[in-house]
*Asks:* 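Quick one: the structure is below, and I'll ask about it shortly.
A, B, ... follow the sequence lines: proteins, then strands. Residue 1 opens every chain.
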Amino acid sequence: MLKANDSLRRTVMINYEYLMPGTLDEAISNFRDHTGDAQYIAGGTELMHGIKAGKRRPQCLISLRHIKELGQITSKDGKLRIGAMVTHRELELSTSLKGKFDGLIDAVSNIGTVQIRNVATIGGNLCNASPAADSAPPLLVLDSRITLTGVDEDRTLPIEDFFKGVNETALTDNELLVEIVVPYPDEGSGSAFMKNIRAGADISKINCAVFIKRQGDICQSCRIAFGSVAPTPIRIKTVEAFLKGKKVNEALIRSAGEMASEEIKPITDIRSTAEYRRDVSKVIFRDVFYKAWKRAGGESS
Amino acid sequence: MKKKIAFVLNENEIEVEVEPHWTLLHLLRESLELSGTKPGCGEGECGACTVLVNNKAVNSCIYPVMEVAEATVTTIEGMIGSSGELHPIQKAFVERGAVQCGFCTPGMIMASRALLDENPNPTEDEIRHGLAGNLCRCTGYTQIVEAVESAGESLRNG
């Protein structure tokens with residue numbers, strides 16, 4: 001008897017409709033017409049895999065790919081605006097980000113593989129809300145806000161309020177993430193991101209982003225975020241407060257790393273153990289801090 | 001219910017009937033009988049199914065077929081020139097011993113094509129990063145990297 005086992009699941013496909021609306025209004029109206037059995041599809045690298053693995057069974061997919069305003073990177077009112085459907089590869093190669101949002105570039109350049117990055121979107125990455133999502137820590141430390149739209153009014157919220165749990169976000173059933181808004185950082189600041197993985201093109205065992213505002217050898221202020229150490233990507237505000245206004249030296253950063261490793265709540269899972277994550281958090285924090293520090297000082301790294 | 005889509009495949013305009021739930025890989029292999037593109041993991045991890053859509057390398061096993069409407073698709077079958085000559089990348093793979101069982105090869109070549117189109121003179125690190133989405137169980141990658149370097153040189157020298 002045939003079992004729905006691994007070897008079959010990657011080739012057996014279910015039936016579904018595939019709609020390609022050209023505007024947001026059309027997409028939302030399509031979604032409303034198919035209540036309950038329709039799902040939005042962004043790049044699809046996560047969703048298609050889920051369908052083939054039998055985890056998702058939509059009757060209708062509504063593609064967001066042809067909605068022009070969702071695919072733009074623009075500048076407005078001193079803020080960078082990234083449409084939800086911008087691919088990681090587009091961000092990786094974008095001249096609008098280089099030198100200003102380096103932590104974000106560090107992250108999106110190393111999500112999956114080129115084939116994935118050409119298709120997978122930043123909006124999709126955030127809405128999937130894996131605790132290991134690489135785009136999250138840099139967006140957290142860059143003080144981003146996200147715009148949601150749906151059947152009711154638009155709303156924006158700080159990205160910190162968007163992640164609710166493992167694969168859970170603040171999106172209600174009728175909402176779509178449309179844009180990520182990132183304020184341009186001040187002069188004398190820098191950001192960086194690193195991930196710890198087993199081999200190339202892997203999901204993070206632990207990742208970390210830091211944003212620093214620097215004056216000489218003083219850390220005027222900083223923001224720190226970790227992923228894969230809690231149900232959601234998190235800011236480490238105790239360490240941020242600890243470092244604020246202090247003169248940076250090795251002993252200080254080592255203490256900060258120790259503090260961070262005590263703040264995080266990692267678990268043991270298929271990718272790593274809680275002990276390893278705690279241990280490595282000190283090292284990765286230090287490495288990311290110094291990378292952001294150099295950039296804040298105007299040195300390229 | 002089948003839908004009609006039109007796109008450019010290996011420089012030829014075609015119109016085909018597809019089921020909306022098909023992947024691009026399914027269309028290529030099962031419907032168009034272009035078996036050069038290989039199914040590997042089915043999950044978008046191994047790269048054996050790599051093709052170019054609008055000149056970008058993608059995993060066809062998780063690419064919704066409806067999204068190639070009005071697009072340009074290039075498969076391994078499209079790498080051979082109109083005169084029947086192997087593309088310089090294909091030649092380099094053969095000459096450098098980068099083909100053992102050959103299963104990863106079509107995907108490797110398409111990914112290499114995308115890499116060299118964007119970056120005609122890549123460093124070894126850039127080659128390895130660009131091909132990180134293509135797994136090979138036979139070669140250990142050394143000859144593959146050398147083939148891409150050699151192909152890059154051929155293409156730069158015309």
*Asks:* Please verify the inter-ring angle class for A:Tyr16 with B:His21; under 30° counts as parallel, over 60° as perpendicular, anything in between as tilted.
*Replies:* perpendicular
*Asks:* Using non-hydrogen atoms only, which part of A:Val119 is less than 4.5 Å away from chain B: side chain, backbone, both, or neither?
*Replies:* side chain
*Asks:* Could you check A:Leu139, A:Ile73, A:Thr87 and say which one makes a side chain to side chain contact (heavy atoms under 4.5 Å, CB included) with A:Ile122?
*Replies:* A:Leu139
*Asks:* How many angstroms lie between OG1 in B:Thr23 and CE in A:Met48, if you round to the nearest 0.5 Å?
*Replies:* 6.0 Å
*Asks:* Could you tell me which portion of B:Ala111 (side chain, backbone, both or neither) has an atom closer than 4.5 angstrom to a non-hydrogen atom of chain A?
*Replies:* side chain
*Asks:* Using a cut-off of under 4.5 Å for heavy-atom pairs, which of B:Glu19, B:Arg128, B:Lys56, B:Lys3 has the most such pairs with chain A?
*Replies:* B:Lys56
*Asks:* Using a cut-off of under 4.5 Å for heavy-atom pairs, which of B:Gly47, B:Gly44, B:Ala57 has the most such pairs with chain A?
*Replies:* B:Ala57
*Asks:* Identify the residue among A:Asp134, A:Asp106, A:Asn110 that makes a side chain to side chain donor-acceptor pair (under 3.5 Å) with A:Asn207.
*Replies:* A:Asp134
*Asks:* If you measure from the Lys or Arg side-chain nitrogens to the Asp or Glu carboxylate oxygens, is any gap between A:Lys294 and A:Asp102 under 4.0 Å?
*Replies:* no
*Asks:* If you measure from the Lys or Arg side-chain nitrogens to the Asp or Glu carboxylate oxygens, is any gap between B:Arg113 and B:Asp117 under 4.0 Å?
*Replies:* yes
*Asks:* Listed by residue number, which members of residues 132-158 of chain B have a heavy atom under 4.5 Å from any heavy atom of chain A?
*Replies:* B:Ala132, B:Gly133, B:Asn134
*Asks:* Heavy-atom distance under 4.5 Å to chain B: side chain of A:Ile41, backbone, both or neither?
*Replies:* side chain
*Asks:* Can you tell me how far apart CG (A:Leu91) and CD1 (A:Ile180) are? Round to the nearest 0.5 Å.
*Replies:* 8.0 Å
*Asks:* Taking atom CD of B:Glu13 as the centre, does the number of heavy atoms from other residues, nucleotides or ligands within less than 6.0 Å exceed 12?
*Replies:* no
